[in-house]
Amino acid sequence: MDDHPQAPQSDSRPEVTYAETYVPMGERRSARLPVMIGLLVLMLGLLILPSVLESIQYSVTRGRQRAIAEVARGELDKLPDLANRYRLVAQAVAPSVVGIDTVQVVQRQDQWNRRTRPYVAAGEGSGVIVDKRGYIITNFHVIDGASEAKVKLSDGQVISNVTLVGADPATDIAVLKINASGLIAAPWGDSDALQVGDPVLAIGNPFGFDRTVTAGIISATERHNVVGNGGYQDFIQTDAAVNPGNSGGPLVNMKGQVVGINTAIYGQSYRGLSFAIPSRLAREVYEQILKTGRVETSGWLGAALEPVTEKLAEQLDLKTLRGVVVSRVYNDSPAEKAGVKPGDVIVGWGDKEIGEFRDLSFLVARTKPGTKVQVHLIRGHEKLDVTVTVGTQPIGFQR
């Protein structure tokens, strides 16, 4: 028996050492947190960036608008408040505004015995004194066909001895002359300086209410094809209330200067759309009439015109809506003498193409009477060229 105890036999498997060190759960979460925050910030940035850029753009725009507004406010501070400006302008201009009453003898058929009898028709309008010697500007349609006219001044005096110095139907301007002392003339203003948004006053005698003042702003300039008589149409559009009887009265700026002659409204009654002849044109016509008694710058074709609608295009077998349809040719007019016929479609005036109705009426009116113009027509399926000698619309011309 061996007195020495036997050593215990060791396990034959090798001893395993783990390199991984134990990390508590809380420390693991802390290590992931910056990554998660970074991802979250990136996602938020992608979502917010467009709105941030948009806000910057708005800020830049607002900054520009703020600068403009501050300059405008500075200019406004130099002027009286709006109410006082209106009052001062009205007080300055009202003495120059006149009422015009007309009498016209018209032939009407008696409803009982069917006989034609003369009747007296009364008309009314407005005008503005532009020269203290007694020269008054009004609309041609205010005195058109009148056998008698009276002018009522701001002091209530009625003057019956009224002379028609001259008139231009194409621009709807007429010049009258009265003999009176102490007249107050309204100064001319620059209509070309007007901008959309500028305040204006319209002064006249609507429905016989003397020197009624209405306020508005410039809504638009260079409006064409407003009224259906053709002619030179280059109107100022405003929202100042204008009604029957306002025709011929002044449209004035905030300096009390005449920048237009109130002429027309859209529709049968005021709808916020009124139109005035710019002072640039009115003054040019006035000065020509004073010099020669007539105007030689406004051309006349002598034809009633209509725009090419889809219905007319279908009836006339037209391929496009381009051009202007002649609905009537007046006797002994330039159009009749040139061979223009009802139903013709005018597509060209000289070297200018006619796209729409207003193009032709504007070009005709701007052509000097006596000028020969080649007019391009479509008649049925045929293209024609005729030569028109542009004329001057006769005073008293009845459409």
### Message
Applying a strict under-4.5 Å side-chain criterion to I, L, V, M, F, W and Y, I'd like to know whether Trp188 and Leu194 cluster together.
### Response
no

### Message
Assess whether a salt bridge exists between Lys150 and Asp101, defined as any Lys/Arg side-chain N lying under 4.0 Å from an Asp/Glu carboxylate O.
### Response
no

### Message
So Trp349 and Val373, do their side chains get closer than 4.5 Å, heavy atoms only?
### Response
yes

### Query
Can Ser219 and Asp239 be counted as having a side-chain donor-acceptor contact under 3.5 angstrom?
no

### Message
Let me confirm one number: the OG-CG distance from Ser279 to Leu251, rounded to the nearest 0.5 Å.
### Response
9.0 Å

### Query
Any side-chain heavy-atom pair from Leu183 and Ile178 closer than 4.5 angstrom?
yes

### Message
Rounded to the nearest 0.5 Å, what separates atom CZ in Arg85 from atom CG in Asn253?
### Response
11.5 Å

### Message
Less than 4.5 Å apart, side chain to side chain, heavy atoms only: is that true for Ile129 and Ile184?
### Response
no

### Task
Among Ile136, Val98, Ile261, find the residue that satisfies the side-chain contact (heavy atoms from CB on, under 4.5 Å) test when tested with Val128.
Ile261

### Message
With a 4.5 Å cut-off on side-chain heavy atoms, are Val258 and Pro187 touching?
### Response
no

### Query
With a 4.5 Å limit on heavy-atom distance, are the side chains of Tyr286 and Val130 in contact?
yes

### Query
So does Arg283 pair up with Glu287, basic N to acidic O under 4.0 Å?
yes

### Reported CD1-to-CD distance for the pair Ile346 and Glu353, which is rounded to 0.5 angstrom
14.5 Å

### Query
Side chains of Val213 and Tyr86: does their closest heavy-atom pair fall under 4.5 Å?
no

#### Entry: Inter-residue atom distance Asp210.CG - Ile203.CD1, 0.5 Å rounding
12.5 Å

### Message
Quick test of your reading of the model: are Lys337 and Asp332 salt-bridged, counting only N-O distances below 4.0 Å?
### Response
yes

### Task
Would you indicate whether Gln374, at its atom CD, is surrounded by more than 12 heavy atoms from other residues, nucleotides or ligands within a distance under 6.0 Å?
yes

### Query
Under a 4.5 Å cut-off applied to non-hydrogen side-chain atoms, are Leu201 and Val93 in contact?
no

